[in-house]
Amino acid sequence: MQELGMQQRNEYIVSQPIVDSLYFRNNGFCVIRNFITPTFVERLRIILAATKSGTTFDTIKKNTYNIGIDEKGIIEIVENKVFAKMIGSLGYDDCFFSDGVVFETDPELFGFDWHLDITSFKYIFPEDRAFSIWIPLDPIDQEDQDGGMTMLSTTSFSGCEFFKLQSHVTRALAEGRYNIPNIYKTLLGPKYRNAEQKRFKKLFPFIQEQFPHLFSDSLYISGFSRYLFDCEGVSYSLVPGDAIIFDKTVFHRSNPLRPGTLKTRRAFVMRFIEAKSRYNAVNAVKAGGDESILVRRYARGDGDSFDLASAAVARINHNFTNGVEHEN
Ligand SMILES: O=C(O)CCC(=O)C(=O)O
Ligand SMILES: [Fe+2]
């Protein structure tokens with residue numbers, strides 16, 4: 001474990017966030033201990049309480065995009081030197097804050113099955129880099145009620161090929177190179193929209209219990225692959241102030257919140273995109289799902305760099321000594 005200690009201290013980011021950068025570079029994710037202060041955890045809880053529930057998914061209580069995007073504390077975190085040093089140590093170049101997302105679940109719901117965050121990262125090309133920081137606002141105790149997340153190492157299976165496929169197919173459709181039935185035309189695909197689909201969904205718990213190996217309604221994986229992912233997945237117990245940082249290529253899922261004293265589990269997620277990425281206009285428009293206000297603000301034409309003059313950017317601070325670039 002590595003301490004990224006610096007003298008600098010501000011109200012929101014604890015002065016010594018602890019990450020294991022080697023682990024991150026090998027697996028695509030790691031835990032961050034001491035990421036934010038109790039004051040900022042409280043601030044995020046207030047923001048979440050004032051957030052209306054989004055409408056996209058029915059396995060989660062709240063999933064709302066574009067939250068806290070102009071919040072002073074978030075901008076301070078992003079522009080903080082300790083933060084930039086941490087991000088740099090994980091192997092990223094300069095990156096901008098692209099969205100704030102709220103997630104809340106309870107013991108009645110399952111949260112999300114294994115997935116990638118295509119909605120949040122549809123704006124860039126598959127090879128462009130991006131990541132998320134998941135900040136639970138309630139304690140996560142794996143032995144007790146859990147409600148955390150499970151992460152799949154990119155050494156087991158990486159989502160990068162899916163980003164490629166999704167972007168290629170979306171572009172091919174936009175260019176009219178082939179046609180597919182309407183039902184497949186957005187990211188959300190044939191999920192349960194009409195009455196017939198909703199009736200079908202009611203059978204799910206039964207089918208999944210009886211035949212978990214045969215059947216899956218995941219956008220990405222079969223029932224058998226879900227079993228493999230579950231075997232390989234990594235989870236953490238976390239206290240408020242800790243976080244999980246994960247690359248866009250990392251498959252992840254919610255751990256259900258078991259019944260107990262905690263009635264709801266809240267989380268705030270910060271999304272980041274590397275500043276040198278290019279805007280993938282076709283994918284951004286055609287992939288479906290919610291839209292990031294910040295990305296819309298910074299986007300120019302298809303294939304162009306983002307205009308980040310007004311963005312919150314973590315500057316990784318490259319130094320040049322004797323013509324050789326090295327990171328601080
Ligand atoms: O909070 C959750 O349960 C899911 C979070 C998630 O999928 C994400 O941060 O991308
Ligand atoms: Fe996610």
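Both backbone and side-chain heavy atoms feed into the values below; hydrogens, waters and symmetry mates do not. Note that ligands are numbered from 1 as they come in the structure, with each ligand's atoms numbered from 1 the same way. If you read the sequence from its start, that first residue is 1, and numbering goes on from there. Source: prediction; values computed, not measured.
By the 4.0 Å heavy-atom criterion, T105 is excluded from the residues contacting ligand 1. Distances shorter than 4.0 angstrom do not occur between any heavy atom of E104 and any atom of ligand 1. Heavy atoms of R265 come nearer than 4.0 angstrom to ligand 1 in at least one pair.
Short contacts between ligand 1 and W134, defined as distances under 4.0 Å to a heavy atom of the residue, involve ligand atoms 1 (O), 2 (C), 5 (C), 9 (O). Taking a cut-off of under 4.0 Å to the non-hydrogen atoms of V269, the atoms of ligand 1 that pass are 9 (O). Under a 4.0 Å criterion applied to the non-hydrogen atoms of D117, ligand 1 contributes the atoms 10 (O). Short contacts between ligand 1 and H115, defined as distances under 4.0 Å to a heavy atom of the residue, involve ligand atoms 7 (O). When each atom of ligand 1 is checked for a heavy atom of M149 under 4.0 Å away, the hits are 4 (C), 5 (C), 6 (C). Applying the 4.0 Å criterion to heavy atoms of R271 picks out, from ligand 1, the atoms 8 (C), 9 (O), 10 (O). Contact atoms of ligand 1 toward S254: 2 (C), 3 (O), 4 (C) (distance under 4.0 Å to a heavy atom of the residue).
A donor-acceptor pair under 3.5 Å is absent between the side-chain atoms of E274 and the main chain of R129, judged by distance alone. Between the N280 side chain and the I124 main chain, a donor and an acceptor come within less than 3.5 Å of each other.
Using a cut-off of 4.0 Å between Lys/Arg side-chain N and Asp/Glu carboxylate O, R253 and D113 are scored as not salt-bridged. Salt bridge status for R199 with E196: absent, with no side-chain N to carboxylate O gap under 4.0 Å. Remark: R278 engages E127 in a salt bridge, criterion side-chain N to carboxylate O under 4.0 Å.
The Fe ion (ligand 2) is the vertex of the angle joining NE2 of H252 and NE2 of H115, which measures 90° to the nearest 10°.
D117 has its closest N, O or S atom to the Fe ion (ligand 2) at the position named OD1.
Under the 3.5 Å distance criterion, with hydrogens and angles disregarded, a donor-acceptor pair is assigned to the side chains of N255 and T150. Side chain to side chain, N283 and Q166 meet the donor-acceptor criterion of an N or O pair below 3.5 Å.
Ring geometry for F157 against F229 counts as tilted: the plane angle lies between 30° and 60°, on a 0 to 90° scale.
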